[in-house]
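Structure in structure tokens, see below.
So that the names make sense, note that chain A is the first sequence line, chain B the second, and so on, each numbered from 1. Predicted, not measured: the structure shown is a model, and the values here were computed from it.
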Amino acid sequence: MADILTSKDKDYAQWYNDLVIKADLAENSAVRGSMVIKPYGFAIWEKMRDDLDRRFKETGHLNAYFPLFIPKSFLSKEAAHVEGFAKECAVVTHYRLKNDPNGKGVIVDPDAKLEEELIVRPTSETIIWDTYRKWIQSYRDLPLLINQWANVVRWEMRTRLFLRTSEFLWQEGHTAHATKEEAIAEAEQMLEVYADFLESILAVPVLKGVKSESERFAGAVETYCVEALMQDGKALQAGTSHFLGQNFAKAFDVKFATKEGTNEYVWATSWGVSTRLMGALIMSHSDNNGLVLPPKVAPYQVVIIPIYRKDEEFDRVDAAAKEIMADLRKAGISVHYDNRDTYKPGWKFNQYELKGVPVRLAIGPRDLENKQVEMARRDTLQKSPVPMEGLAEHISSTLEDIQNSLLERAKKRTSDATYEVNTWEEFTDAIANRGGFVKAHWDGTPETEKIIKDKTKATIRCIELDAPEEQGTCILTGKPSNRRVVFAKAY
RNA sequence: CGGGGUGUGGCGCAGUUGGUAGCGCACCUGGUUUGGGACCAGGGGGCCGCUGGUUCGAGUCCAGUCACCCCGACCA
């Protein structure tokens, strides 16, 4: 096997980068920090998007679209929000170019300066709440349950393909409710949607929790999150769901008439997942041979590769392959048949392993004689002969098995790397040398959290929703604590 | 914005004291091949990031400039 990828053990970050590029998922573009998502990568994102979209609709949400540009003044209406995003906003100042009088090319026309500058949305709360003010008059207009699929821009200092890019794709749900309880229930419901999606579709197990004050979304009262553990022991925030209280309603003056005839500010939530999920997917399952995809998000679940020497052999193999393809498709399995004569079978084997296709079928003259095909599983790399008779059923159950195995494997990896520590020495050793989710007592103050972060690079990933009450003492200050929180180094 | 690095065919790189710009992969043609990244033969493709300077002569030396990458601060 030629070494196409940097080995995971040698350099995990480089392995990830190689994989994204070599598997044709994405590449860097001419603009620093922004990426081109290539067709194969986008096909995976589309699978995620379609499944999530169905879940949003099933929970009563409708899609809409709000504009890319936001008046600069909107951002400043909610104090914490502007504080959180101001440093990473792209700003549109002009609306016209002209030919450079001094030479070639074009320059920004200084006469075309905007009266009010526009920011490119880093998130859409402000423009949406400015709109909701007009939409909401009465309790009968509530709840308002809207989602949008969009791109956003956050001018990041350092970027990595899928994990952090200046522009990324995501969905953002924005809801308005008559009561606090209902809004909290909505935020919690969407967290469950994310958690279930990650586990059942991406085969990525997650911790569910709330963020500490310092990790909270700018403008939120409470931020719920799902956190996943990557193969290198670092955590990745996979999705967030915010209870926004009445912060945005007050900032944008969104009130409704209650049944009793009083006027009240509405209660809000917002929630989102992004193309960062691609990173979570890659870093949960893939290996030194390339991508490993759970069948539920694989652009092709099965690839068929014909093996032959002469034209006469090809004709026979080709006929059998097409028949199999039709059978599999009838059974609802997505199939790619690679009958190109310009690449050898061995090259194709490696290529489709790199791209993470869950099941590979090879069919040659020998198989025709024995009425079988050779099946290879991407997750285990095992090959086995399978009879043509009942092939579709066998493949279906194999795909199911792969989906389940990947989740089980990731669960085991995560639980093996999740553990408790009780002293500062244990903690620093664990963070520096072992990684993973480290559960420890914390005194609950942002000051302590900051010191821990500065000393160890570890942050509080979440306070788990189902964390049991347990008396203990803070690993740093020794002050009392009544539950453990989850620390990790994070992406 | 700090610290480090790199700019040379599509990609990855070499290029010595300054003297006609090269290698691997990829690509094209022909043939043999095809059950784990085939082989042989032939072929195409580069203002050496940009600007200026030194020189008979610059990829190479000097000055400036731009871009990108890595490490930090910031972050879904």
Side-chain angles (χ1 to χ4, degrees), chain A residues 1-6 11 13-14 17-18 21-22 27-34 83-89 103 122-123 151-172 194 211 214-218 220 223 225-228 235-242 270-280 289-290 305-311 313-314 317 338-354 360-370 372-376 381 383 385 453-454 457 459 461 490-491:
Chain A
M1 166 71 59
D3 291 324
I4 285 196
L5 301 173
T6 302
D11 185 343
Q14 192 60 46
N17 226 343
D18 285 359
I21 289 166
K22 298 274 173 57
E27 63 188 36
N28 284 305
S29 79
V31 180
R32 178 189 146 75
S34 58
E83 168 74 20
F85 285 106
K87 283 171 291 184
E88 50 189 24
C89 285
T123 179
N151 57 340
V152 288
V153 168
R154 296 179 189 176
W155 213 262
E156 300 291 350
M157 294 289 118
R158 295 198 52 209
T159 58
R160 296 192 59 193
L161 293 166
F162 289 118
L163 295 173
R164 179 168 304 109
T165 45
S166 294
E167 178 188 3
F168 56 91
L169 305 184
W170 77 346
Q171 58 69 216
E172 46 181 325
Y194 290 152
K211 286 294 186 188
S214 51
E215 296 276 330
R216 202 174 285 155
F217 176 74
T223 288
C225 63
V226 281
E227 294 281 328
L236 183 77
Q237 178 174 303
T240 49
S241 178
H242 315 289
S270 68
W271 29 273
V273 293
S274 72
T275 35
R276 180 180 243 202
L277 287 175
M278 294 287 289
N289 289 347
I305 296 169
I307 315 280
Y308 55 91
R309 289 163 192 275
K310 296 159 294 200
D311 284 355
E313 279 183 359
F314 173 75
V317 168
D338 188 348
N339 63 355
R340 289 177 296 177
D341 192 39
T342 46
Y343 294 93
K344 291 185 50 163
W347 186 90
K348 293 178 186 173
F349 291 176
N350 284 289
Q351 188 65 17
Y352 290 107
E353 267 167 27
L354 188 57
R360 179 184 76 230
L361 300 179
I363 309 173
R366 285 209 303 267
D367 298 306
L368 294 184
E369 278 169 36
N370 299 329
Q372 66 176 38
V373 299
E374 181 193 83
M375 183 185 82
L381 296 170
K383 293 193 282 198
K453 183 181 177 183
D454 291 345
K457 304 241 168 80
T459 51
R461 298 324 302 156
Y491 275 96

### Query
What does G36(B) pair with, Watson-Crick or G-U, if both distances are under 3.5 Å?
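In the structure as shown, G36(B) has no Watson-Crick or wobble partner.
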### Query
Hey, does the Lys NZ or Arg CZ of R360(A) hover above the aromatic six-ring of F349(A), less than 6.0 Å from the centre and inside 45° of the axis?
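Judged by the rule, R360(A) and F349(A) form a cation-pi pair.
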### Message
Nearest to the I307(A) side chain among U34(B), A73(B), C27(B), which nucleotide is it?
### Response
U34(B)
### Query
With both distances under 3.5 Å as the test, what is the Watson-Crick or G-U wobble partner of U29(B)?
A41(B)
### Query
Just checking D341(A): base, sugar-phosphate only, or nothing, at a heavy-atom cut-off of under 4.0 Å?
base
### Query
Considering only heavy atoms and no angle criterion, is a donor-acceptor pair shorter than 3.5 Å present between the side chain of K383(A) and the base of G36(B)?
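Answer yes: a donor N or O sits under 3.5 Å from an acceptor.
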## Note on the structure
Checking N1-N3 plus N6-O4 or O6-N4 for Watson-Crick, or N1-O2 and O6-N3 for wobble, each under 3.5 Å, the partner of C11(B) is G24(B)
### Message
Does R340(A) reach a base, just sugar-phosphate, or nothing at all? Heavy atoms under 4.0 Å.
### Response
nothing
### Message
Heavy atoms only, 4.0 Å cut-off, all strands: where does S274(A) land among base, sugar-phosphate and nothing?
### Response
base
### Task
Could you state the atom-to-atom distance from CG of D18(A) to P of C25(B) in whole Å?
19 Å
### Query
Which listed nucleotide (A76(B), G36(B), C27(B)) is nearest to the side chain of F349(A)?
G36(B)
### Task
Using both distances under 3.5 Å as the test, list the Watson-Crick or G-U wobble partner of U65(B), or none.
G49(B)
### Message
What's the gap between G46(B) and G4(B) when it is taken at their P atoms, as a whole Å value?
### Response
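To the nearest whole Å, 37 Å.
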### Task
Can you label the angle between the F168(A) ring and the W170(A) ring as parallel, tilted or perpendicular, going by 30° and 60°?
perpendicular
#### Entry: Along RNA chain B (nearest heavy atom to each residue), the more 5'-positioned of R276(A) and E374(A)
E374(A)
### Message
Just to be sure I understand the rule, does K22(A) reach a base, reach only the sugar-phosphate, or reach nothing, if contact means heavy atoms closer than 4.0 Å?
### Response
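K22(A): no heavy atom of the nucleic acid under 4.0 Å.
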### Message
When you measure from the side-chain N and O atoms of K344(A) to the phosphate of G35(B), is any distance below 4.0 Å, counting only OP1 and OP2?
### Response
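So the side-chain polar atoms of K344(A) do come within 4.0 Å of the phosphate oxygens OP1 or OP2 of G35(B), strictly under.
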### Task
Both distances under 3.5 Å, Watson-Crick or G-U wobble: report the partner of C1(B), or none.
G72(B)
### Sub-4.5 Å side-chain heavy-atom contact between Q171(A) and W271(A)
yes
### Query
Mind checking the P distance from G2(B) to A76(B)? Whole angstroms is fine.
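Going atom to atom, P in each nucleotide, I get 25 Å.
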### Query
Where the side chain of F168(A) is defined as all heavy atoms beyond and including C-beta, which of A76(B), U34(B), G36(B) is the nearest nucleotide?
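Selected nucleotide (nearest to the side chain): A76(B).
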### Query
Are R309(A) and U34(B) close enough that a side-chain N or O sits under 4.0 Å from OP1 or OP2?
yes
### Query
Base, sugar-phosphate alone, or nothing: which one does E156(A) contact when heavy atoms must sit under 4.0 Å apart?
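Base contact.
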### Task
For residues E374(A) and I307(A), determine if any side-chain heavy atom of one lies less than 4.5 Å from a side-chain heavy atom of the other.
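Not in contact.
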### Task
Can you tell me the distance, in whole Å, between the CG atom of N350(A) and the C1' atom of G36(B)?
6 Å
### Span that lies between the C1' atom of C61(B) and that of C48(B), in whole angstrom
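It works out to 16 Å between them.
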### Query
What does T459(A) touch in the nucleic acid at a heavy-atom separation under 4.0 angstrom: a base, only the sugar-phosphate, or nothing?
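No contact at all - T459(A) keeps every heavy atom at 4.0 Å or more from the nucleic acid.
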### Task
May I ask you to test the Y491(A)-R160(A) pair for a side-chain heavy-atom distance under 4.5 Å?
yes
### Message
Does any part of the side chain of Y352(A), heavy atoms only, come nearer than 4.5 Å to the side chain of D338(A), both counted from C-beta?
### Response
yes
### Query
Which value, in whole Å, describes the distance between the C1' atoms of nucleotides C13(B) and U8(B)?
9 Å
#### Entry: Integer angstrom distance from the P of A14(B) to that of G24(B)
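Those two atoms are separated by 15 Å.
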### Message
Heavy atoms only, 4.0 Å cut-off, all strands: where does Y491(A) land among base, sugar-phosphate and nothing?
### Response
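The residue Y491(A) makes no contact with any strand.
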### Query
Just how far, in rounded Å, is C1' of C69(B) from CG of D11(A)?
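Nearest whole value for this atom pair: 14 Å.
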#### Entry: Gap between atoms CD and C1', on E227(A) and A76(B) respectively (whole Å)
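After rounding, the gap between these two atoms is 10 Å.
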### Query
G12(B) and G49(B): how far apart are their P atoms, nearest whole angstrom?
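Their P atoms lie roughly 14 Å apart.
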### Message
Taking any heavy-atom pair under 4.0 Å as a contact, classify L236(A): base, sugar-phosphate, or nothing.
### Response
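L236(A): no heavy atom of the nucleic acid under 4.0 Å.
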### Query
Looking just at side-chain N and O atoms, do T240(A) and T223(A) make a donor-acceptor pair shorter than 3.5 Å?
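Judged by distance alone, the side chains do not pair up.
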### Task
Could you tell me which nucleotide pairs with U16(B) by Watson-Crick or G-U wobble geometry, both distances under 3.5 Å, or answer none if nothing does?
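Per the H-bond distance test, none.
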### Query
On a whole-Å scale, what distance lies between the P atoms belonging to A67(B) and C74(B)?
25 Å
#### Entry: Interatomic distance, W155(A) CH2 vs C1(B) C1' [rounded to whole Å]
16 Å
### Task
For L381(A) and for R461(A), find the nucleotide of RNA chain B with the closest heavy atom, then tell me which residue's nucleotide is more 5'.
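Per heavy-atom nearest nucleotide, the more 5' residue is L381(A).
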### Task
Using whole Å, report how far CD of E353(A) lies from P of G36(B).
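Nearest whole value for this atom pair: 12 Å.
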### Task
For side-chain contact (heavy atoms from CB on, under 4.5 Å), just list the numbers for R216(A) and H242(A), CA-CA rounded to whole Å, side-chain angles, deciding distance to a tenth of an Å, and then say yes or no.
CA-CA 9 Å; R216(A) 202 174 285 155; H242(A) 315 289; over 6 Å; no
### Query
Which whole number of Å gives the distance between the C1' atom of A63(B) and that of U20(B)?
28 Å
